[in-house]
Amino acid sequence: MTSPHPTIGSLLRSLRTRRGWTLKQMSEQTGIPLSTLSKVEHDRLTLTYDKLLQLSQRLKLRMSELFAEQDEAPEPAVTARRSIGRIDDAIEVNTPNYDYYYLCPELRRKRMIPVLTRVRAKTLEEFGALVHHSGEEYIHVLEGRIEVHTEFYDPVELGAGQGVYIDSNMGHAYVAAPGCDEALLLGVCSSADEQLLESLMSQHGNGDATHRPGKGRRPRQIATPARAPARSGRAAAKK
């Protein structure tokens with residue numbers, strides 16, 4: 001069964017709804033009385049050509065756009081993706097100053113990368129150059145205390161139960177706070193870049209990466225990119 005041809009009233013109501021306007025706001029934007037618009041939307045009144053022209057000019061639309069029926073936006077596909085973040089299934093990367101556990105590695109093309117990090121570096125000298133990568137990240141301290149160093153802000157100390165959200169394009173580093181031997185962090189890195197995980201792991205320099213096997217699975221080594229000697233200070237980088 002074909003749907004009825006849309007009326008001027010239904011098209012105006014659809015246009016108003018898409019813009020999130022009330023009838024009063026529509027009236028203020030178009031200069032057409034509220035009572036007139038209400039009658040038009042309920043198909044009890046139509047608009048003359050000059051009123052339609054006024055409406056299109058006020059809304060900065062071509063006349064043809066006023067009469068264009070908008071298709072319903074398709075509902076997003078349900079992917080039902082799920083992954084349990086078990087430490088035994090994580091990709092483990094060890095560097096002189098950090099142990100990283102990249103969780104949920106079986107999910108590909110993730111927009112978020114969850115990672116547990118054990119921090120032992122105590123100074124920026126140990127850490128090396130500040131890290132930059134695409135996206136944003138949130139770091140939450142689970143154990144111990146850390147100092148957060150960023151490119152544009154003064155260092156700040158965070159303890160267990162505290163966290164920080166930053167733009168990852170800004171240079172940043174996390175080190176253990178004075179008097180703290182090591183700290184455990186939960187981090188979530190997010191980016192539209194589908195190669196985010198590879199980008200993060202490339203920051204580890206010559207660290208050893210291992211896929212920790214679950215029951216019945218053999219361990220497999222995952223090579224990480226080597227860096228040129230001039231940039232070897234990045235081997236202690238957070239990412």
Side-chain angles (χ1 to χ4, degrees), residues 81-107 110-193 196-214 219 222 224 233-239:
R81 298 212 304 170
R82 192 192 81 164
S83 177
I84 306 300
R86 296 186 177 93
I87 193 71
D88 286 342
D89 295 328
I91 295 176
E92 179 180 350
V93 181
N94 306 116
T95 72
N97 296 304
Y98 297 87
D99 294 327
Y100 303 91
Y101 301 89
Y102 288 95
L103 303 170
C104 308
E106 74 276 12
L107 287 183
K110 293 193 289 290
R111 290 293 184 91
M112 297 189 299
I113 306 297
V115 55
L116 282 172
T117 304
R118 190 165 293 280
V119 180
R120 292 185 297 276
K122 296 179 176 62
T123 65
L124 281 179
E125 287 72 22
E126 289 182 71
F127 184 92
L130 296 179
V131 172
H132 304 74
H133 58 83
S134 64
E136 301 175 329
E137 64 190 82
Y138 176 75
I139 298 295
H140 194 85
V141 183
L142 300 178
E143 299 174 3
R145 300 190 319 280
I146 63 169
E147 275 188 350
V148 180
H149 295 264
T150 53
E151 190 173 359
F152 304 116
Y153 296 89
D154 291 333
V156 62
E157 184 172 318
L158 300 176
Q162 297 178 314
V164 60
Y165 190 114
I166 67 168
D167 176 355
S168 305
N169 291 283
M170 174 176 60
H172 56 281
Y174 309 116
V175 301
C180 181
D181 289 333
E182 62 179 34
L184 181 64
L185 315 179
L186 173 62
V188 179
C189 300
S190 175
S191 173
D193 180 5
L196 177 59
L197 178 58
E198 289 78 1
S199 175
L200 293 176
M201 294 191 69
S202 72
Q203 303 285 346
H204 297 313
N206 296 320
D208 298 321
T210 305
H211 187 274
R212 297 167 61 90
I222 301 176
T224 53
R234 280 288 187 91
K238 178 180 73 66
K239 299 289 185 295

Looking only at heavy atoms, what is the nearest atom pair of [X] and [Y], with distance?
X	Y	answer
Phe127	Tyr98	CD1-OH, 2.8 Å
Leu116	Leu103	CG-CD1, 4.3 Å
Pro114	Cys104	CG-SG, 4.5 Å
Asn169	His132	O-CD2, 3.0 Å
Ile146	Ala183	CG2-CB, 3.5 Å
Ala173	Leu124	CB-CD2, 3.8 Å

[atom1]/[X] to [atom2]/[Y] distance, rounded to the nearest 0.5 angstrom?
X	Y	atom1	atom2	result
Ser168	His133	OG	NE2	4.0 Å
Glu137	Tyr165	CD	OH	9.5 Å
Leu184	Leu142	CG	CG	5.0 Å
Arg82	Glu106	CZ	CD	10.0 Å
Asn94	Tyr100	CG	OH	10.5 Å
Leu186	Thr117	CG	OG1	8.5 Å

Side chain Lys122, main chain Asp181, donor-acceptor under 3.5 Å: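 Yes, because the side chain of Lys122 sits within donor-acceptor range (under 3.5 Å) of the backbone of Asp181.
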
Whether the side chain of His172 engages the backbone of Val131 through a donor-acceptor N/O pair (distance < 3.5 Å, no angle test) should be reported.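 Here the side-chain-to-backbone pair exists.
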
Do [X] and [Y] make a side-chain contact, defined as non-hydrogen atoms from C-beta onward lying under 4.5 Å apart?
X	Y	answer
Pro96	Arg120	no
Val175	Glu126	no
Tyr153	Ile166	no

Taking Arg145 as the fixed residue, which of Gln162, Glu157, Glu182 is the one that meets the side-chain hydrogen bond (donor to acceptor under 3.5 Å, both in side chains) rule?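 Looking at Gln162, Glu157, Glu182, the match for Arg145 under the side-chain hydrogen bond (donor to acceptor under 3.5 Å, both in side chains) is Glu157.
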
